[in-house]
Amino acid sequence: MSESVHVSRQFDEDLGVLRTHVLEMGGLVEAQVSAAIEAYASGEIITVKDIVEGDHRVNKFEKVIDDETIHVVARRQPTASDLRLVMGVNKIVTDLERIGDEAKKIAKGARRVHEQGMLNVPRATDVRHVAEEAVAMLRQALDSFARLDVALADAVIHADAKVDAEFKAIVRQLITYMMEDPRTISTAIDIVWIGRSIERIGDHAKNIAEHVIYIAEGRDIRHTGKEA
Amino acid sequence: MQTASAPALKAEARNFNFFYGDVQALKNINMPIHDKKVTALIGPSGCGKSTYLRSFNRMHDLYPGNRYEGEIRFYPDNTNLLAPGVDPIEVRMRVGMVFQKPNPFPKSVFENVAYGLRVRGEKNRRALDDKVEAALKGAAIWDEVKDRLQDLATNLSGGQQQRLCIARALATDPELLLFDEPTSALDPIATGAIEELVHELKQRVTILIVTHNMQQAARVSDYTAYMYLGEMIEFGKTDDIFIKPQDKRTEDYITGRMG
Ligand SMILES: Nc1ncnc2c1ncn2[C@@H]1O[C@H](COP(=O)(O)OP(=O)(O)OP(=O)(O)O)[C@@H](O)[C@H]1O
Ligand SMILES: [Mg+2]
C-alpha cells in the first residue's frame, strides 16, 4: 500500500474510517468469541444472554461498514490499492459477521452443555485449547490487516491446518465415549457442535488473512490448494 | 479458456525521443500499440502525452526545429513512420486524429467529411456520397444529420461536432486513430456516446487515446500506458494497471495520491 496521502484529504479520511471500523468490529467479534469460550469453559452461563445480544451489535457493524464501502465506491471510484482495500474490507466484514454467528452458537451450546452437566464427558477441556488457537488466529488476522503484514497473514493461513486437525481428533475421541457410554451422547453432540464452530472460526480467520494478502499484494491465493 | 497468443502489433515506438528545439519532451519511449485494441495514455499535465500522440501522424513536422530520434514502426508493412522518405501526408491518411475541442471546418456537414476524400483525389460524386454516408454511420451520427447534410457543421451540438470530426477522420479509412482528450468538452451523455463509439470502432481500427479521466481510461481501453516527465513509466493491460500497478508512481497517480 502506498505511503503517500491522497490529494483529496476527504478520501484519506473515508478510507481511514473504513479501516478503523473494521478493526473495531474485529475487536468486538474477538471479544464475543472469547466470552463464549469462557462461558463454555467456566460454566458461567449467565453471560450467554449478553453474548447473544452482542451479536446484534456485530450485525449492525456489518451494515454500517457495507454502507461505507458502497459510499467510497460511488463517490471515489477507487483504483489499485484503494480498490483492493475496499473490496477486501467488504469480504473481511462478511467473515467477521460469520464469526460472530459462531460465537453465538458456541454460547448457546455452552448453556445446553452446562445445563445437562458436561463434567461427565471426558476430554471436554480439549475444546478450550483449540478454541484459544482459533482466537489467536483471529487476533493475528486482524493484526495483519491493521499493519498489512503479509508474513503474519501467511502464519495465520498455516495455523488453520492445525486447528482443523485438532477438531477432527476431538470428534474421534467423543465418538468413542458416546459408544462406550450412551448417556454422554446428548452432551457430546453439543460439544462436537461447539468444536465445529471453533473450526469454522479458524476457517474465517484464514479467509481474512487471505483477503489481507490480496489487499497488500494483489495476489489471490484462495483455493490454490496450498493447505495441508 | 483461450490460449494466450501475443496480440498482433499495429505500431511500436522504439527508443523514441522527441525534442522541441533543445528541449527534450520524450525520453527513450518503447511501447507496443496492439492491433485493433484501444490503448490509453495517462499521466499528469505536461508529461508529453500530446507530444507523443502527435508524433504518430507527423504533426510536429509542421514546425521547424522539432526533432525526432528513434523509430515508430507501423505494421503490417513495417515502415518507420518517422523515416525522412515517408510522406507525412500519406501518414496522415493512415493515421487520423481527433482533438480535444471539436474543430469542424466552417463548411457544410457533408464537406467536412468529404474533405479528406477530395484531398485524396476522389472526384466521383456517387463515390463521395457513399463514403461520406459510410463515415457518418461509422461515427454514429448519420441518423442525426442525414437530413441536414448541407447545414453548417458549426451549428451542430458539441457532441455531434465531435462525432462529425470522428467521421471526418474515418472517411479516409485510417488504420490508427488518435484521440487527444476527445470528451473533455462534452457532457456525460455525449461522452458516453463517444466511448461507445470507440468501443465499436476498434472492430476495424486501432485506437490510441489520451485522457485525464482515469475512469474513462479504465472503461474504454484494453491497454494503458502511464507517462511521467517525458518517460513511459508503465505499460500494461488496463485491468492490471488499475488493480495492481507495478510502479509506485503509477499507483500514486491513478489513486490520486501526491508522489
Ligand atoms: N510547441 C512546443 N514547444 C516547446 N515546448 C512544448 C511545445 N508543446 C509542448 N511543449 C512542452 O512539452 C512538454 C509536454 O507537453 P504535452 O503537451 O505533450 O503534455 P501533455 O501530457 O499533453 O499535457 P496536458 O495533459 O496538459 O495536455 C511540456 O513540458 C510542454 O511545455
Ligand atoms: Mg495534451
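All chains are named by letter (A, B, ...) in the order of the sequence lines, taking the proteins before the strands, and each is independently numbered beginning at 1. The figures here come from the full heavy-atom set of this structure, side chains too, leaving out hydrogens, waters and symmetry mates.
With sequence neighbours excluded, no residue satisfies ring pair (Phe, Tyr, Trp, His ring centres under 6.0 Å) with A/F61.
Residue A/V48 comes nearest to A/A107 through the heavy atom pair CG2-O, 3.4 Å, listed as atom of the first residue, atom of the second, then distance.
Within the 4.5 Å cutoff, the side chain of A/I208 has heavy atoms near those of the A/L96 side chain. Residues A/D164 and A/D203 have side chains in contact (heavy-atom distance under 4.5 Å, counting atoms from C-beta outward). By the 4.5 Å heavy-atom criterion applied to side chains, A/I198 and A/I37 are counted as neighbours.
B/E181 and B/T211 form no side-chain donor-acceptor contact under 3.5 Å, judged by distance and modelled atom types alone. A/H204 and A/R98 share no side-chain donor-acceptor pair at under 3.5 Å.
For residues 30-55 of chain B, a heavy-atom distance under 4.5 Å to chain A picks out no residue at all. Residues from residues 221-246 of chain B that place a non-hydrogen atom less than 4.5 Å from a non-hydrogen atom of chain A comprise B/F242, B/I243, B/K244, B/P245, given in numerical order.
Applying the ring pair (Phe, Tyr, Trp, His ring centres under 6.0 Å) test to every pair with at least one member in residues 176-219 of chain B, sequence neighbours left out, gives no pairs at all.
Put simply, the residue from A/K60, A/K104, A/K49 that forms a salt bridge (charged side-chain N to carboxylate O under 4.0 Å, His left out) with A/D55 is A/K104.
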